[in-house]
Structure formats: C-alpha cells, structure tokens
Amino acid sequence: MPELPEVETVRRQLEREVVGRRIKSVEVRGTRTVRRQSPEELQRRLEGARITGVERRGKYLLVELDTGDLLVIHLRMSGQLVRAAAKDEVSKHTHVIITFTQGGQLHFVDPRTFGELFVVAADAIDEQAPELAQLGIDPVDEPMSWTTFARVLQAHPMKLKAFLTDQSLLAGIGNIYADEILFAAGLRYDRMTDSLSSQEIRRLYRAVVETLHEAIRYGGSTLADEQYVDLHGRPGQFQEHHHVYNREHQPCRRCRRNPVLKTKFQGRATYYCGVCQV
DNA sequence: CGATCTACCTGATGGC
DNA sequence: TGCCATCAGGTAGATC
C-alpha cells in the first residue's frame, strides 16, 4: 500500500490534526501490531505525552512526543491511520486506539497486520530501530542535487527498479512509484544503473522528484481495494494520473499506440511501455 | 556480497 | 454456489 506520497499525505494531516494534543489512553487489540515491546510499555510511554510534531523518513512516520520519545509507525501493506470519535464503531481490523484528552481518537487499522507501532527514545533511535538508521536519502524530505543522485546511482550497479526500491539507497519508493518514475524517465525497469548516460541520469533524477511531488499533490494513490485512505478516510487521486501502473493492455499515454505491458520483476508486478521506455 | 525465496496475514477476484 | 489458486502498496531473514 502506502509509499512515500501516501505516508507524506497522512503526515501532513497528522501535523494539522494531532500536534499539540495530549494522549489520554491507548488501547491495543490483538498481538501483532505492537510486537517489538509489550503493549503495556507502549501504553505507559504514550499515555500522558503531548504530541509535538510529526516527521517522516521514507515510509516511516515518526510522532514526536514531549517526553523525548518517538512513536514510530509503519503502515506496511494495509495499515491505515484514521481519525475517529469515541462514539464511532470500531472496525474489525482496528488494532490500536489512541484517545486524546481533548476528545477524538486516532485508530490504527490494518487487515493484514504487517504494520507496526513502537516507541523509542528519540536519542536512541539508531540503536533501537536499526531499520530506520539504514534508510537512504529521502528524495522529498532531503532534496539532493542531481550529482549526488548520480553518485549514489553509479556506486550501485543493479537494475533500475531494484535501485529505486532499495530503501537503503533511496527511502520511500515502492512498487507503484518505481514504475511511474521509470515511465516518466523513459527508462526500462531492467536497465542497469551504470549504463545510463548523464542525460538519462538527469531524466531519472527529475522523474524521481517530480513524480513523488506530483503524487503528493494528488493525495497519493488508492487502488480498487481501497487499502489506502487518508486520515479522514478519503482515497487518493493520483491513480487517475498513473501512466503505467495497473494499466496493462491500455494504450500508453505517451505514444498512444502501444499497450502497456506487464511483467514480473523481483516477484512484483511491473508495468511499462515497450516503446517509450528504453 | 548480491540474488532469490519465503514468511508474515486477510480479503478480493477469477477460473473451473 | 463452492473451492482453490493467485494476487495485493512492504520488509526482514534465511539460503544459496
């Protein structure tokens, strides 16, 4: 589900909706969502804390607390953060309910239960959450020059889609946006990183930055299963602007003649135009 | 070291 | 209808 644009959409909404609020109580249901520490520890460290900010690194959300702790949230495939009222009915797959002292709740909903919440001390995050320390450059949060991009690209010979989705090199790009970025750059998913001309490197760099920002502008992508909705339960709109993802057999939006092709790469569906991408 | 697979889950969909 | 296989935005860990 959520990749950088969806997580960033939720981050911006959280910034408006929950910063300044104090956590009154935390209810953990089920055993999978809070698995790195006991639910009791998570509750103890959250209850009474005031939220001071919401940051994002790649696909991770970092909710900053006035206690010096961070609430780290990863939505994985099917996680959602949804605002709710105490009187609202709690859906079947709601695994964590955070209630604020001023009223209102935040629900963590996740049918597939791959998503995760945990609390760490902000100053111990690198030791206690090594997966965060390993993240590469976030192309939206940490704008980089195209020469920096080129250096990272050329230092790691691999196929372009593997490069784009490697969270330790660039943080935040997943299966949808890798395909959309490669289409925008006019490059095939299986081109090698070290085979690109400097013009192609610049095209890819521009495509990374522009595609992600454009997707954020449209509130991210929601597919037919509606696994991604924003804080207010609303779907994104960027799927209407996809050029290749989920468009197998439909005409390429650039050349308007050739059908979008679908193949499998690294076990994932991969969409591309066999003519416009070289 | 990289690549390839498998596991973690529920639910939707399509073929028979 | 039902049953079974396949697939879905992600990532970590095992194995080769």
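Chain A is the first sequence line, chain B the second, and so forth, proteins listed ahead of strands; every chain is numbered from 1. A quick note: this is a predicted structure, and the numbers were derived from the prediction, not measured.
For the pair Glu6(A) and Lys59(A), the salt-bridge criterion is not met [side-chain N within less than 4.0 Å of a carboxylate O].
Between dG10(C) and Gln167(A), no contact under 4.0 Å exists linking OP1 or OP2 to a side-chain N or O. A close approach under 4.0 Å does occur between a side-chain nitrogen or oxygen of His74(A) and OP1 or OP2 of dT11(C). Contact check, Lys159(A) against dA3(B): no side-chain N or O comes under 4.0 Å of OP1 or OP2.
Screening residues 8-62 of chain A for ring pair (Phe, Tyr, Trp, His ring centres under 6.0 Å) gives Tyr60(A)-His74(A) as the qualifying pairs, with residues at least two apart or on separate chains.
What separates CD of Gln239(A) from P of dA8(C) is a distance of 17 Å, to the nearest Å. Following rounding to the nearest Å, Glu6(A) (CD) and dA8(C) (P) show an atom-to-atom distance of 16 Å. Here the P atom of nucleotide dC7(C) and the NZ atom of Lys262(A) are 8 Å apart, to the nearest Å. Between Met158(A) atom CE and dC1(B) atom P the separation is 13 Å, expressed in whole Å. Distance CG (Asn175(A)) to P (dA8(C)): 8 Å, rounded to an integer number of Å. Put simply, CD1 on Ile73(A) is 16 Å from C1' on dG10(C), counting in whole angstrom units. Rounded to whole angstrom, the span from the CG atom of Leu132(A) across to the P atom of dA12(C) amounts to 9 Å. If you take CD of Gln80(A) and P of dA8(C), they are 19 Å apart, rounded to a whole angstrom.
With a cut-off of 3.5 Å on both Watson-Crick or G-U wobble distances, the partner of dC9(B) is given as none.
At a threshold of 4.5 Å between non-hydrogen side-chain atoms, the residues Gln37(A) and Leu42(A) count as touching.
Ala162(A) comes within 4.0 angstrom of no nucleic acid atom, judged by non-hydrogen atoms across all strands. Residue-level contact check: Phe238(A) touches neither bases nor backbone, having no heavy atom under 4.0 Å from any strand. Gln266(A) comes within contact range of no nucleotide atom at all, as no heavy-atom separation falls under 4.0 Å. Counting non-hydrogen atoms under 4.0 angstrom, Tyr245(A) reaches the backbone sugars and phosphates but no base.
A cation-pi arrangement is found for Arg254(A) relative to Phe183(A), the charged atom lying closer than 6.0 Å to the ring centre and inside a 45° cone about the ring normal.
If you take atom P in dC8(B) and the same atom in dC3(C), they sit 25 Å apart, rounded to whole Å. Annotation: dT1(C) and dT10(B) have their P atoms spaced 25 Å apart (nearest Å). Using P as the reference atom, dT6(C) and dC5(B) are 15 Å apart when rounded to the nearest Å.
Within a 6.0 Å sphere centred on NE2 of His249(A), other residues, nucleotides and ligands contribute 12 heavy atoms or fewer. Remark: Glu89(A) CD is loosely packed, at most 12 non-hydrogen atoms of other residues, nucleotides or ligands lying under 6.0 Å away.
Looking at Lys262(A) and Thr270(A), their side chains never bring a donor and an acceptor atom within 3.5 Å of each other.
Residues Tyr218(A) and His241(A) bring their aromatic ring centres within 6.0 Å.
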Which nucleotides of nucleotides 6-13 of chain B have their base under 4.0 Å from a protein heavy atom (B), which only their sugar-phosphate (S), and which neither (-), written as one string 5' to 3'?
--BBBS--

